[in-house]
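Working notes, structure below.
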Amino acid sequence: MTSSPSPGPSPPQPDQRPLIAVVGLTASGKSDWALRIAQHLDGEIVSIDSRQIYRRLDIGTAKPTAAMRETVPHWCVDFLEPTERYSLGAYLRAARTAIDDIRARGKRPIAVGGSGQHMRALLEGWQVPPVEADEGFRELLAKESARSLFERLNEVDPEAARQIGPTNTRRIIRALEVHHVTGTPISMWQRLRESVDYRAVAPDVPLDALDDRIAQRTSEMFEAGLVDEVRDLLADGTPADAPGFDAIGYREVLAHLSGELTLDEAISGVVQATRRFARRQRTWFRRDDPSICWSADVPLAMLG
């Protein structure tokens, strides 16, 4: 009598537990928290950062180190050239695909990042309008003043105008583009939601301590070679107006390399701009938001 072969190992069961999101202000320690949580829960990390997507922009984006990425897999990092643009819709598709892949292998997905709009879009299940960039339409709009563009948006979508404000020309043009192509205000698209089950945690760092951390991190970035990083990218043909350079740190270094700022002025400019950015992030990650657990240390007990 021939014995039947023993069955192979069972495939992993998809993870159905809530998505973990590590949110909060820049320089507050989110990356370290996410790494600890991923190690504790056998998880993998999905970066929700609109600048860490770019290859070779490592120092100025505070990208996870090689050691961190060897310890725990990181998704949505290092997959785009600095010259390429990447929309919120494309980002959400990439992040959701990564989360599905992680879950299918029985692992726990941990989203981490301080890009407020991107993280809120992910956690709130935004349905971004399927509108590709219309370069011809954008070129026409680019000829108008920022004030004219804002007034135009206020006519067709006052809600979006209030949310965006009069100075963010890039987002104003995108909102006008969506209305032009679909006939529907972008604010209505943004109200479309698919429910997401998640738990959000945030490092609770006092603002004065955060200011010190920002100054320290900025100093470390310059010591690590931020100026050389930008200089090498320029030498390799990356233009100064590349989308990847449109970020705090890179703008100031470019101004330094062009002779507009001294090195000390560039460093001070990065510190001040980062502190202002951290305060703007509070509109996305509010202390009174009941969906976010603010804590001085990683609340591992609530995440198991």
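Salt bridge absent: Asp42 and Arg108 never bring a charged side-chain N and a carboxylate O closer than 4.0 Å. Salt-bridge annotation for Asp101 and Arg105: present, with a side-chain N of the basic residue lying under 4.0 Å from a carboxylate O of the acidic one. Using a cut-off of 4.0 Å between Lys/Arg side-chain N and Asp/Glu carboxylate O, Arg103 and Asp100 are scored as not salt-bridged. Arg56 and Glu229 are not joined by a salt bridge, as no carboxylate oxygen comes within less than 4.0 angstrom of a charged side-chain nitrogen. Checked for salt-bridge contact, Arg147 and Glu151 meet the test: a charged N lies under 4.0 Å from a carboxylate O. Between Arg152 and Glu155, no side-chain nitrogen of the basic residue sits less than 4.0 Å from a carboxylate oxygen of the acidic one, so the salt-bridge criterion is not met. Using a 4.0 Å cut-off between charged nitrogen and carboxylate oxygen, Arg17 and Asp15 count as a salt-bridge pair. Checked for salt-bridge contact, Arg55 and Asp78 miss the test: no charged N lies under 4.0 Å from a carboxylate O.
Shortest non-hydrogen contact noted between Val271 and Ala215 is CG2-CA, 4.1 Å. Minimum heavy-atom separation, Ala278 to Thr26: CB-CG2, 3.9 Å. Closest non-hydrogen pair, Arg286 versus Trp294, comes out as O-NE1, 3.3 Å. The heavy-atom pair separating Gly24 from Gln281 by the smallest distance is O-NE2, 3.7 Å. The two residues Pro64 and Arg69 have their closest heavy-atom pair at O-CD, 3.4 Å. Taking each heavy atom of Glu252 and Ala247 in turn, the nearest pair found is OE1-O, 4.3 Å.
Judged purely by distance below 3.5 Å, without hydrogens or angles, the side chains of Thr262 and Asp264 never pair a donor atom with an acceptor atom. Donor-acceptor pairing under 3.5 Å is recorded for the side chains of Ser187 and Asp157.
In this structure, the separation between CD1 on Ile110 and CD1 on Ile102 is 7.5 Å, given to the nearest 0.5 Å. The structure places CZ of Arg93 at 5.5 Å from OG of Ser87, a figure rounded to the nearest 0.5 Å. Going from atom CG of Asp58 over to atom CG of Leu226 covers 10.5 Å, rounded to the nearest 0.5 Å. A distance of 4.5 Å separates CD1 in Ile248 from OG1 in Thr274, rounded to the nearest 0.5 Å. Atoms CD and CZ, on Glu135 and Arg138 in that order, are 5.5 Å from each other to the nearest 0.5 Å. If you take CG on Asp197 and CG on Leu19, they are separated by 8.5 Å, rounding to the nearest 0.5 Å.
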Apply side-chain contact (heavy atoms from CB on, under 4.5 Å) to Arg279 and Leu207, showing your working. CA-CA 9 Å; Arg279 282 151 178 76; Leu207 279 180; 4.3 Å; yes
Stepwise side chain to side chain donor-acceptor pair (under 3.5 Å) test for Glu260 and Ser258: CA-CA 6 Å; Glu260 298 173 46; Ser258 68; 3.0 Å; yes
Could you please spell out the steps behind the side-chain contact (heavy atoms from CB on, under 4.5 Å) verdict for Gln163 and Ile186? CA-CA 11 Å; Gln163 292 174 346; Ile186 195 170; over 6 Å; no
Residue pair Ser47, Asp49: steps toward the side chain to side chain donor-acceptor pair (under 3.5 Å) verdict: CA-CA 6 Å; Ser47 172; Asp49 187 290; 5.4 Å; no
Can you check side chain to side chain donor-acceptor pair (under 3.5 Å) on Ser268 and Gln272, steps first, answer last? CA-CA 6 Å; Ser268 176; Gln272 295 306 318; 4.8 Å; no
Show, in sequence, the C-alpha distance, side-chain angles and deciding distance for Arg85 and Leu80, and conclude whether the side-chain contact (heavy atoms from CB on, under 4.5 Å) test is met. CA-CA 8 Å; Arg85 294 195 179 277; Leu80 212 64; over 6 Å; no
CA sep, side-chain torsions, deciding dist, call: Glu124, Arg191, salt bridge (charged side-chain N to carboxylate O under 4.0 Å, His left out): CA-CA 10 Å; Glu124 296 175 1; Arg191 284 197 292 272; over 6 Å; no
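With hydrophobic clusters built from ILVMFWY side chains whose heavy atoms lie under 4.5 angstrom apart, Tyr250 shares a cluster with Leu263. Note: the hydrophobic cluster containing Val128 also contains Ile99 (ILVMFWY, side chain heavy atoms under 4.5 Å, direct or indirect links). Val112 is not connected to Val23 by any chain of hydrophobic side-chain contacts under 4.5 Å among Ile, Leu, Val, Met, Phe, Trp and Tyr, and they are in different clusters. Cluster annotation: Phe277 is not connected to Val22 through the hydrophobic network of ILVMFWY side chains, with a link wherever side-chain heavy atoms come within less than 4.5 Å. Criterion: ILVMFWY side-chain heavy atoms under 4.5 Å apart, direct or through other members. Under it, Val46 and Leu88 are part of a common hydrophobic cluster.
The shortest distance between side-chain heavy atoms of Glu177 and Arg174 falls below 4.5 Å. Two residues are said to be in side-chain contact when any heavy atoms from C-beta on lie closer than 4.5 Å; Lys30 and Pro203 meet this criterion. Put simply, the side chain of Ile20 does not reach to within 4.5 Å of the side chain of Tyr198, judged on heavy atoms. Thr182 is listed as a side-chain neighbour of Trp189, based on a closest heavy-atom distance under 4.5 Å. Taking the side chain as every heavy atom from C-beta outward, Cys293 and Met302 approach each other to under 4.5 Å. With contacts defined as side-chain heavy-atom distances shorter than 4.5 Å, the pair Thr184/His179 does not qualify. With a 4.5 Å cut-off on side-chain heavy atoms, Gln117 and Trp126 count as touching. Side-chain contact between Ile53 and Phe79 is present, with at least one heavy-atom pair separated by less than 4.5 Å.
Between the side chain of His256 and the main chain of Leu261, a donor-acceptor pair closer than 3.5 Å is present. Side-chain N or O atoms of Thr238 include none that pairs as donor or acceptor with a backbone N or O of Leu234 at under 3.5 Å. Judged by distance alone, the side chain of Glu44 and the main-chain N or O of Ala38 form no donor-acceptor pair under 3.5 Å. Although no hydrogens or angles enter the test, the distance criterion places a donor-acceptor pair under 3.5 Å between the side chain of Ser28 and the main chain of Leu25. A side-chain donor-acceptor contact under 3.5 Å links Tyr86 to the backbone of Ala90. A side-chain donor-acceptor contact under 3.5 Å links Arg213 to the backbone of Ala27. Distance alone, capped at 3.5 Å, is enough to place a donor-acceptor pair between the Thr61 side chain and the Leu57 backbone. At distances below 3.5 Å, not a single donor-acceptor pair connects side-chain atoms of Lys63 with backbone N or O atoms of Val77. Looking only at distances, a side-chain donor or acceptor of Arg120 sits under 3.5 Å from a matching main-chain atom of Trp284. In this structure a side-chain-to-backbone donor-acceptor pair under 3.5 Å is missing from Gln52 to Ser50.
The ring pair (Phe, Tyr, Trp, His ring centres under 6.0 Å) contacts involving residues 20-70 comprise nothing, where partners must be two or more places apart or lie in separate chains.
By the neighbour-count criterion of 12 heavy atoms within 6.0 Å, atom CE of Met68 is densely surrounded, having more than that number from other residues, nucleotides or ligands.
Hydrophobic clustering, defined by side-chain heavy atoms of Ile, Leu, Val, Met, Phe, Trp and Tyr closer than 4.5 Å, groups Leu149 together with Phe137, Leu141, Phe150, Leu153, Val156, Ile164, Ile172, Ile173, Leu176.
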